[in-house]
A.B. asks: 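Pasting a structure below so you can have a look.
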Amino acid sequence: MDRILIRGGNRLSGRIAISGAKNAALTLMPCALLTDEPLTLRNLPRLADVDSFGHLLNQLGVSTMVEGAHPTDFGRVMTMRAARLTSTVAPYDIVRKMRASILVLGPLLGRMGEATVSLPGGCAIGNRPIDLHLKALDSMGAEIEIAAGYVKATAPGGRLKGGRVSFPVVSVGATENAVMAAVTAQGTTVIENAAREPEIVDLCNLLTAMGAVIDGVGTETLTIEGRDRLHGATYQVMPDRIEAGSYACAAAITHGALELFGARANDMRATLAALSEAGITVEERPRSVYIEASNGIAPLTLSTAPYPGFATDMQAQFMAMLTRANGASVLTETIFENRYMHVPELARMGADIQVRGHAAVVRGVDRLVGAPVMATDLRASMSLILAGLAADGETQVNRVYHLDRGYERLEEKLQGVGADIERVGDG
Ligand code: EPU
């Protein structure tokens, strides 16, 4: 299994091109199921999760064609066409590897009037149930059965009906499934307490380009007028705000200066505000965001929240950065119950972190020391990379497959701005 080796201590400087957003790609790809015409997505990141989603679509009968697949290209163009679907089943083998597979449920049900998707099960960061996804589909008239580890949803008469979906808590995935189901339902659907993440705006923009009618995009109330059919489209995936935020933390923790090319400041206000509060220079430029750290890192008090709050997907990276702050920070995780798996690993590198319930107190230390480490999820793995960049000596990050799910060619991008980092195989 591959590992990443980092010899820490280099100050990073230069420009990093930000890739297309993983979490946008994973909700734009299932939109291919909603039309028999081609859907072309540009700027799709080269990531293991995008490949897995492509395989899942293939299993359902969707053809996928990739351009720009030269090994040195960043991003790809993929054309998907669901001329005729041959299956409505998302099997356990794929869903267990990638929870986002659940996002075929809404569009399959909308297009075919039925869908059978394996229950995703638990995850390293929390229980992550799908009750809200099912509640939304139920409000649109779906009949839902759970048996033998699968959820089977059927639309009586072959078509969902518009309805009122009111979420008790904000869920990105459940909002996405509800929107994708509603665009071809009969009548109008109102979704209340919808998630407002930029990836949901991206989803609504794509669906609008495919002929959907959605009002309230970017707000907590979405009103969707169902259409009999949607058509094909060509669409550019938004830049990855979490990748950009992660590299901003890399600039900060190495006292470096990075221009994050393609990053959109508007999508990452909470992250940029937190960086500024920590004393990091943030400069918004027309096509990039520039981050420079020259005066050390001030401690922060931060709590994760649904967008536009501070993203749970940035918590681990900020925690790594704050291990080098001049004082004590308090981070509170409110979205996932088990998202501190990086804490013991950071501690092995010399970090001083105490977790009390949902809060973590991070006391800045003078130095981190390289060590062999591993993490059980994507953002936790990134926090170890960040710590390794700032640590004395060598850090070995194991279980690289987590990083490959969400960071396009991480080591190449970091090498390009002066990091001493390489991927090594077992052999
Ligand atoms: N929840 C329920 N019931 C549901 C759905 C969610 O109780 O039916 C709970 C979850 O357990 C959690 C909270 O609601 O406590 C929010 O979860 P949400 O549904 O918003 O998360 P998600 O859609 O499963 C997406 C991202 C995550 C990101 C979260 C929160 C994708 C593919 N994944 O997950 O990204 O952390 O939103 O912003 O979009 C990552 O990229 O590393 C990652 C984990």
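Start at 1 and go down the list; that is how both ligands and their atoms are numbered.
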A.B. asks: Just distances here: any N/O of Glu197 and N/O of ligand 1 closer than 3.5 Å?
C.D. replies: no
A.B. asks: From Leu119 CG over to Ile102 CD1, what is the distance, rounded to the nearest 0.5 angstrom?
C.D. replies: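 So the CG of Leu119 and the CD1 of Ile102 are separated by 7.0 Å.
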A.B. asks: Classify the side-chain pair Ser19/Lys413 by whether it contains a donor and acceptor separated by less than 3.5 Å.
C.D. replies: yes
A.B. asks: Under 4.0 Å, heavy-atom basis, I'd like to know which part of Asp377 is in contact with ligand 1: side chain, backbone, both or neither.
C.D. replies: neither
A.B. asks: Which residue supplies the protein heavy atom nearest to atom 15 (O) of ligand 1, what is that atom called, and how far is it?
C.D. replies: Ile335 O, 2.5 Å
A.B. asks: Under a 3.5 Å distance rule, please check whether Asn10 uses its side chain to pair with a backbone N or O of Ala419 as donor and acceptor.
C.D. replies: no
A.B. asks: For the 3.5 Å polar cut-off, considering only N or O atoms, please tell me whether Gly173 and ligand 1 meet it.
C.D. replies: yes
A.B. asks: Specify the protein heavy atom at minimum distance from atom 20 (O) of ligand 1: its residue, its atom name, and the distance to 0.1 Å.
C.D. replies: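 The answer is Val172 N, 2.7 Å.
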A.B. asks: Show which atoms of ligand 1 fall inside a sub-4.0 Å distance from at least one heavy-atom site of Lys22.
C.D. replies: 40 (C), 41 (O)
A.B. asks: Please state whether Pro129 comes within less than 4.0 angstrom of ligand 1, counting heavy atoms only.
C.D. replies: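 Distance cut 4.0 Å: Pro129 passes for ligand 1.
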A.B. asks: Any idea which heavy atoms bring Met80 and Leu57 closest together, and the distance?
C.D. replies: SD-CD1, 3.7 Å
A.B. asks: So, Arg81 and Glu37, do they make that salt bridge, N to O below 4.0 Å?
C.D. replies: no
A.B. asks: Can you name the nearest heavy-atom pair linking His402 to Ala375, along with the distance?
C.D. replies: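 Nearest pair, atom of His402 first, then Ala375: CD2-O, 3.2 Å.
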A.B. asks: Is Glu333 near ligand 1, meaning one of its heavy atoms is under 4.0 Å from it?
C.D. replies: no
A.B. asks: Please write down residue, atom name and distance for the protein heavy atom closest to atom 33 (N) of ligand 1.
C.D. replies: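 Checked against all protein heavy atoms, atom 33 (N) of ligand 1 sits closest to Asn23 ND2, 3.7 Å.
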A.B. asks: List ligand 1 atoms under 4.0 Å from Ile130, heavy atoms only on the residue side.
C.D. replies: 4 (C), 8 (O)
A.B. asks: Can a cation-pi geometry be assigned to Arg196 and Tyr307, taking NZ or CZ under 6.0 Å from the six-membered ring centre and within 45° of the ring axis?
C.D. replies: no
A.B. asks: Whether the Thr64 and Asn58 side chains hold a donor-acceptor pair (N or O, under 3.5 Å, no angle test) is what I'd like checked.
C.D. replies: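 Looking only at side-chain atoms, Asn58 and Thr64 do form a donor-acceptor pair, the distance falling under 3.5 Å.
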A.B. asks: Judged by modelled atom types alone, do Gln317 and Ser246 share a side-chain donor-acceptor pair under 3.5 Å?
C.D. replies: yes
A.B. asks: Counting the benzene-type ring for Trp, do Phe318 and Phe310 have ring centres under 6.0 Å apart?
C.D. replies: yes
A.B. asks: When you check the gap from the basic side-chain N to the acidic O, do Arg269 and Glu284 get nearer than 4.0 Å?
C.D. replies: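 A salt bridge links Arg269 with Glu284.
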A.B. asks: Which part of Asp131 is near ligand 1, with near meaning a heavy atom under 4.0 Å away: side chain, backbone, both or neither?
C.D. replies: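 Both of them.
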A.B. asks: Does the side chain of Ser303 pick up a donor-acceptor pair with the side chain of Thr334 at under 3.5 Å?
C.D. replies: no
A.B. asks: Is the closest protein non-hydrogen atom to atom 2 (C) of ligand 1 under 4.0 Å?
C.D. replies: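 True for atom 2 (C) of ligand 1.
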A.B. asks: What protein heavy atom lies closest to atom 22 (P) of ligand 1? Include the residue and the distance to one decimal.
C.D. replies: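 Residue, atom and distance for the closest contact: Arg128 NH2, 3.7 Å.
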A.B. asks: Could you check atom 8 (O) of ligand 1 against the protein and tell me its nearest heavy-atom contact, residue, atom and distance included?
C.D. replies: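 Result for atom 8 (O) of ligand 1: Leu132 N, 2.7 Å.
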A.B. asks: Please state which protein non-hydrogen atom is closest to atom 42 (O) of ligand 1 and give its distance, to 0.1 Å?
C.D. replies: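 Of every protein heavy atom, Arg379 NE, 2.9 Å lies nearest to atom 42 (O) of ligand 1.
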A.B. asks: Does Glu176 approach ligand 1 within less than 4.0 angstrom via side chain, backbone, both or neither, non-hydrogen atoms only?
C.D. replies: neither
A.B. asks: Judged by non-hydrogen atoms, does Glu337 sit under 4.0 Å from ligand 1?
C.D. replies: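 Contact check Glu337 vs ligand 1: negative.
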A.B. asks: Give the residue and atom name of whichever protein heavy atom lies nearest to atom 17 (O) of ligand 1, and the separation in Å to one decimal.
C.D. replies: Phe336 CZ, 4.0 Å
A.B. asks: To the nearest 0.5 Å, what is the distance between SG (Cys249) and CZ (Arg324)?
C.D. replies: 14.0 Å
A.B. asks: For atom 36 (O) of ligand 1, what's the nearest protein heavy atom and its distance?
C.D. replies: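 Minimum-distance protein heavy atom for atom 36 (O) of ligand 1 reads Asp313 OD1, 2.6 Å.
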A.B. asks: Taking only heavy atoms of Leu378 into account, list the atoms of ligand 1 that are under 4.0 Å away from them.
C.D. replies: 42 (O)
A.B. asks: List ligand 1 atoms under 4.0 Å from Thr312, heavy atoms only on the residue side.
C.D. replies: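 Matching atoms, with element in brackets: 30 (C), 36 (O), 38 (O).
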